[in-house]
Protein chains: 2
Amino acid sequence: MKKARYHHGNLRHSLIKAARDMIREGGMEAVSLRKLAVRVGVSRTAAYHYFKDKNILLCTLAEEGFHIWQEEADRIFLDEKMSHEDRYKAYIRWYMTYALENAEYYDLMFGRAIWKQNTATANLKTIAYDVFQKQVEVTRQWQKYGVLPVGEDSLRLAQVTWGTLHGLARLLIDGIYSDDSPIDEICACAANLLMDK
Amino acid sequence: MKKARYHHGNLRHSLIKAARDMIREGGMEAVSLRKLAVRVGVSRTAAYHYFKDKNILLCTLAEEGFHIWQEEADRIFLDEKMSHEDRYKAYIRWYMTYALENAEYYDLMFGRAIWKQNTATANLKTIAYDVFQKQVEVTRQWQKYGVLPVGEDSLRLAQVTWGTLHGLARLLIDGIYSDDSPIDEICACAANLLMDK
DNA sequence: CAATGCAATTTGACAGTGTCAAGATTGATG
DNA sequence: CATCAATCTTGACACTGTCAAATTGCATTG
């Protein structure tokens, strides 16, 4: 189907697509610019015209991930058919399953590789910040509607809530919990602890 | 001080020590067998006589980390001078500060690098399992003494508790939270949520 | 229409990395 | 003293990311 022309035509897009697949298959650390080039049918350094770095490529992918993330999360946050309490539970449930089903992507988005050495793109920082900001906002709502305890500062509460979900997701994803851990039970237990009693 | 003899004498020990330093300086991913060799003053492949893999070396170091971890944790678990509630709070506080102060080591011990592809040594698996097992046991105690809610299954409760601490630690270590996050407040908020009310 | 410019792509090269196989050195043992 | 096995080194290979310089080809001028 594809001709081996000199000008690929939509290399940038092809690279992103291939990288996406590569991440899903073998995780972020399995992404190699050279293998990527082979897969797309182009020479080793062709990608450097569209991405200054390997890091920039990864940030672009992560950015993409955050946009999808935000869409899906909003779908729950704004679902008027559910009570606030049910939305909260659904959010927890969604967070865990989404993280597990897109484990490698989750690792890319929330992993240390990008954030640790402060190598994140400005765009990436922005969208990630927005995602968390929304979390804080929704936390405030849940407090208002009696789902979450009112006594706590909203920011702290959002931080700890997120910490819990993030931690559980990581422990499951990274294989530190045994594989057969019952996610439903864990989610339920987490909800019980976090919600106002 | 050190002669450049052919037989180093205690190479294994020197390698571990150097690797330890290297981790503290630049993190796990900065550990390179070749740099390690230079630092110890030995040739590139000398380490292979003591560690079959780079992975085995890392597992050895992680193992070491877990032993220290367990000692320090026990010091709190068994401190009779504190009430059970205070022990719980102290444990949370210790967990976070220890994780932050030994961030790179924490990443090695609890990071995906070792656990994800199931590359952990049998010894490492054992000690890690023991550490978690102790967590479950102590959780049961805390339930018994009214610090943690009795309604929850001890195993689930321990999982979620650990998830929370792990998640917060990771978010802080990986630089996803802003650096100036008030750890004390976060710990307090986490304690409030997790403890029985 | 040819020439020129410019963007897209390739080739070559360098410094890293982990790891295997085969050789060199040495302290200890018979 | 000779031998041996443990210890360490050298050489080599296949990877990685990335820079600089050449090449290719499309499009827009003169």
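Throughout, a chain's letter reflects where its sequence line sits, starting with A, and its residues are numbered from 1. Just so you know, these numbers use all the heavy atoms, side chains as well, and skip hydrogens, waters and symmetry mates.
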Go through the structure and list residues passing ring-ring contact (aromatic ring centres under 6.0 Å, His included) with B/His67, not counting sequence neighbours. none
Would you jot down, in residue-number order, the residues of residues 105-124 of chain B having a non-hydrogen atom under 4.0 Å from DNA chain C? none
Starting at [atom1] of [X] and ending at [atom2] of [N], how long is that distance when rounded to a whole Å?
| X | N | atom1 | atom2 | value |
| --- | --- | --- | --- | --- |
| A/His13 | C/dA8 | NE2 | P | 17 Å |
| A/Glu29 | D/dC15 | CD | C1' | 16 Å |
| B/Met22 | C/dG18 | CE | C1' | 14 Å |
| A/Leu33 | D/dC15 | CG | P | 16 Å |

Think A/Ser43 has a side-chain N or O under 4.0 angstrom from the OP1 or OP2 of C/dT9? no
Can you say whether the rings of B/Trp162 and A/Tyr177 are parallel (under 30°), tilted (30 to 60°) or perpendicular (over 60°)? perpendicular
Evaluate the ring planes of A/Phe77 and A/Tyr91, with Trp represented by its six-membered ring, and classify them as parallel (under 30°), tilted (30 to 60°) or perpendicular (over 60°). tilted
Where each residue is assigned the nucleotide of DNA chain D containing its nearest heavy atom, which of B/Leu11 and B/Arg34 is assigned the position nearer the 5′ end? B/Leu11
Residue pairs fulfilling salt bridge (charged side-chain N to carboxylate O under 4.0 Å, His left out) with at least one residue in residues 97-119 of chain A, sequence neighbours excluded: A/Glu104-B/Arg112, A/Glu104-B/Lys116, A/Asp107-A/Arg170, A/Asp107-B/Arg112, A/Arg112-B/Glu29, A/Arg112-B/Glu104, A/Arg112-B/Asp107, A/Arg112-B/Asp174, A/Lys116-B/Glu104
Per the side-chain hydrogen bond (donor to acceptor under 3.5 Å, both in side chains) rule, what does the pair list look like for residues 38-54 of chain A, sequence neighbours excluded? A/Glu25-A/Arg39
Tell me, which pairs form a ring-ring contact (aromatic ring centres under 6.0 Å, His included) where one or both residues lie in residues 14-36 of chain A, sequence neighbours left out? none
Answer with yes or no whether the hydrophobic clustering places B/Ile76 together with B/Ile68; edges join I, L, V, M, F, W, Y residues whose side-chain heavy atoms lie under 4.5 Å apart. yes
Using side-chain hydrogen bond (donor to acceptor under 3.5 Å, both in side chains) as the criterion, point out the one residue from B/Arg24, B/Arg20, B/Glu64 that pairs with B/Tyr105. B/Glu64
What parts of residues 44-59 of chain A reach DNA chain D, counting only heavy atoms under 4.0 Å away? A/Thr45, A/Tyr48, A/Asp53, A/Lys54
